[in-house]
Amino acid sequence: MNRAIVSIWFPNFAIDRWSRSTARQGNDAAALPPVVLVTETAHGPVIDAANALAQEGGARAGMRLADARMLAPQLAALPSDHEGNQRMLEKMALATQRWGPWSMVDGPDGILLDATNGAHLFDGEAALLAQIENRFALQGFGCNAALAPTTGGAWALARYGGPRRVVMDGSALPAALAPLPVSALRLNADAGLLLKRLGLKTIGDLMAVPRESLVRRFRNRRSPAANPLTRLDQVFGRTHEPLVPLIEEYPPTAERRLLEPVLHVSLLARIIGDLADDLARTLEAERKGVRRLLLHLWRVDGDRIERSVELASPSRDPQHLARLFEERMDGIEAGFGIDQARLTAIWAEALDRQQDQLDAAAVRGTAFPVLLDRLVTRLGRDRVSRLAPRESHLPERAQRRLPPDADPAAVQYDLGFHQRPLKLLDRAEPITVIYATPEGLPRRFRWRGALHDIAKVEGPERIAPEWWRERSTARLRDYYRIEDETGRRYWIYRHGLIGDGRGGVPDWYLHGLFA
């Protein structure tokens with residue numbers, strides 16, 4: 001039984017995707033100037049794709065942008081979105097599974113589809129190819145589809161064989177491929193150049209060469225793209241070519257279809273709790289924990305309501321998941337009733353099972369990840385951050401703010417033995433200090449209009465300037481932990497030393513407050 005492999009080729013995929021996104025933004029792509037998509041290389045920007053106006057001006061894929069602008073100075077260059085193109089191509093490959101059991105992405109501009117024993121469902125092979133091309137044309141993507149018993153044959157016919165070529169019989173494949181150029185064999189540039197120098201321009205010319213001669217000439221080339229003999233065996237089905245189908249992964253989901261519509265939003269808490277229980281069992285079976293949840297509610301009139309929450313760490317605790325949505329129920333109107341609810345874990349990570357210890361002491365309070373999730377849900381992600389150490393000796397630079405779900409990995413040694421204050425001022429405030437000698441301990445200081453007598457002093461802790469960040473005139477700091485007559489503790493420092501050659505009399509600052 002011959003297989004039926006469909007190769008779908010998008011000649012201008014990147015430009016078609018850009019034109020499609022431009023049209024969605026309300027702009028007319030035809031009214032825009034000539035546009036090229038470029039990629040930065042060691043020798044400057046290189047063109048990946050060009051629209052019709054740019055091609056009329058002389059721009060071609062593979063050309064340097066500087067050379068193209070000599071021909072068309074009005075070219076508008078935009079960076080290529082290779083990752084976005086790949087994601088779009090994967091979605092389109094999954095969509096082609098309506099015509100066959102499996103599909104896969106074929107390079108940056110192609111899709112392979114297995115339509116074996118399925119063409120009769122679409123009125124034959126030619127009608128199948130026409131339906132594929134018309135469906136993608138409606139979405140703004142021009143393509144050319146071909147069908148053959150092998151992957152290499154379908155690839156060659158789609159790109160070099162003309163529109164909608166169909167070859168069902170494997171014995172007819174050599175005659176159909178003979179007039180095509182050798183580049184239709186998916187060879188790399190070096191192998192194609194070598195065949196061109198040898199005078200082998202078409203597949204028919206290559207087929208006329210004795211096999212023993214090809215084996216001797218290309219015996220040291222292991223890569224299929226560098227060995228024309230290997231490609232010939234793959235095209236004609238003499239060698240198996242492994243293919244990896246694209247399989248869509250569905251996120252863990254829990255759903256409820258209600259017999260009676262819910263008219264009161266307060267009853268949704270019980271439904272969400274049931275959904276969280278079902279979802280937790282699914283996540284436990286897959287050894288995963290959810291990071292982002294999406295709740296869909298459908299009303300009787302067809303309107304859909306969405307609410308989402310994001311967690312700081314993976315979790316599958318149903319009570320915690322249900323409690324996060326309590327703060328997101330505001331503004332939901334049931335209308336004539338809600339008759340369907342769905343909870344989807346659109347982002348899940350690995351989370352191994354954990355066994356509780358029988359002799360473990362009861363833990364009081366709220367776990368930090370749970371507390372962080374509640375704060376983010378109630379206050380918003382932009383208003384919650386966590387601190388992480390940073391490589392700096394200066395106190396105001398020793399920490400940085402990170403998003404709540406970031407990993408605050410330590411990047412410097414622990415400074416706990418220095419007994420830093422609990423509260424650090426955003427900016428050190430100047431104070432007036434009276435001391436016995438220039439290098440002596442402080443005795444009295446004035447801060448914010450109040451005079452404080454110093455009862456106890458501990459220090460100094462000297463911090464040198466960071467010469468790799470600051471200027472050479474930066475002064476060192478001597479920090480003191482002090483306590484006034486009322487028992488209040490402060491963290492002050494002297495900025496510089498007398499005679500250090502980097503300024504006049506040292507200044508004093510208050511930088512922190514102890515608990």
Side-chain angles (χ1 to χ4, degrees), residues 7-93 105-112 133 136-146 155-163 180-197 200-202 223 225-226:
S7 177
I8 309 171
W9 176 46
F10 302 90
N12 302 305
F13 177 74
I15 285 295
D16 290 344
R17 179 173 175 264
W18 170 80
S19 302
R20 188 167 175 261
S21 62
T22 303
R24 284 188 172 183
Q25 297 174 0
N27 299 323
D28 185 7
L32 295 177
V35 175
V36 293
L37 304 179
V38 300
T39 298
E40 291 290 340
T41 65
H43 302 286
V46 175
I47 297 177
D48 295 325
N51 63 353
L53 291 177
Q55 293 180 10
E56 293 177 0
R60 296 291 184 271
M63 182 184 296
R64 295 184 183 180
L65 179 61
D67 298 337
R69 278 184 168 161
M70 293 180 64
L71 302 175
Q74 70 277 14
L75 282 180
L78 300 176
S80 296
D81 184 12
H82 298 289
E83 295 183 2
N85 293 341
Q86 185 69 18
R87 289 193 298 267
M88 175 63 73
L89 203 56
E90 290 178 357
K91 294 180 180 179
M92 295 168 64
V105 175
D106 182 24
D109 56 0
I111 296 174
L112 291 176
E133 293 181 0
F136 283 118
L138 292 175
Q139 298 178 2
F141 293 96
C143 67
N144 187 29
W155 191 94
L157 292 175
R159 288 160 174 78
Y160 299 93
L180 303 184
V182 292
S183 56
L185 292 177
R186 298 173 294 172
L187 298 172
N188 57 26
D190 293 338
L193 180 60
L194 177 59
L195 294 178
K196 183 178 179 180
R197 290 177 177 176
L200 304 175
K201 299 181 180 180
T202 65
S223 174

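Quantities reported herein were computed from a predicted structural model and do not represent experimental measurements.
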Non-hydrogen atoms of [X] and [Y] that approach each other most closely:
X	Y	value
A158	A146	N-CB, 3.4 Å
A14	N85	CB-ND2, 3.8 Å
G107	Q86	O-OE1, 4.5 Å
W155	S183	CZ3-O, 3.9 Å
G58	M63	O-CE, 3.3 Å
G110	L89	O-CD2, 3.8 Å

May I ask you to decide if [Y]'s main-chain N or O and [X]'s side chain share a donor-acceptor pair within less than 3.5 Å?
X	Y	answer
T202	P181	no
R60	Q55	yes
D16	G142	yes

Please enumerate all residues that pass side-chain contact (heavy atoms from CB on, under 4.5 Å) together with [X], with sequence neighbours excluded.
X	answer
A156	L177, L180, A184
L71	none
A59	V36, I47, A50, A54, A68, L75
A93	S103, V105, I111, L246

Just verifying a value: how many Å separate [X] [atom1] and [Y] [atom2], rounded to the nearest 0.5 Å?
X	Y	atom1	atom2	value
N51	L78	CG	CG	9.5 Å
T39	L65	OG1	CG	11.0 Å
Y160	L185	OH	CG	9.5 Å
R20	M88	CZ	CE	4.5 Å

Residue list, side chain to side chain donor-acceptor pair (under 3.5 Å) with [X], at least two apart or on another chain:
X	answer
N12	none
N144	none
E133	R164

List in chain and number order the residues that pass ring-ring contact (aromatic ring centres under 6.0 Å, His included) with F141, two or more places apart in sequence or in another chain; answer none if no residue qualifies.
F13
Suppose the criterion is salt bridge (charged side-chain N to carboxylate O under 4.0 Å, His left out): which pairs have a residue in residues 181-190, not counting sequence neighbours?
R186-E241
Within-4.5 Å side-chain heavy-atom neighbours: D109 and R159
yes
Is there a side-chain contact between D81 and R17, using heavy atoms and a 4.5 Å cut-off?
yes
Holding to salt bridge (charged side-chain N to carboxylate O under 4.0 Å, His left out), I want the full list of residues that pass it with D48, two or more places apart in sequence or in another chain.
none
Residues at least two apart in sequence or cross-chain that pass salt bridge (charged side-chain N to carboxylate O under 4.0 Å, His left out) with R69, listed by chain then number, are none
Please determine whether the number of non-hydrogen atoms from other residues, nucleotides or ligands lying under 6.0 Å from atom CD of E83 exceeds 12.
no
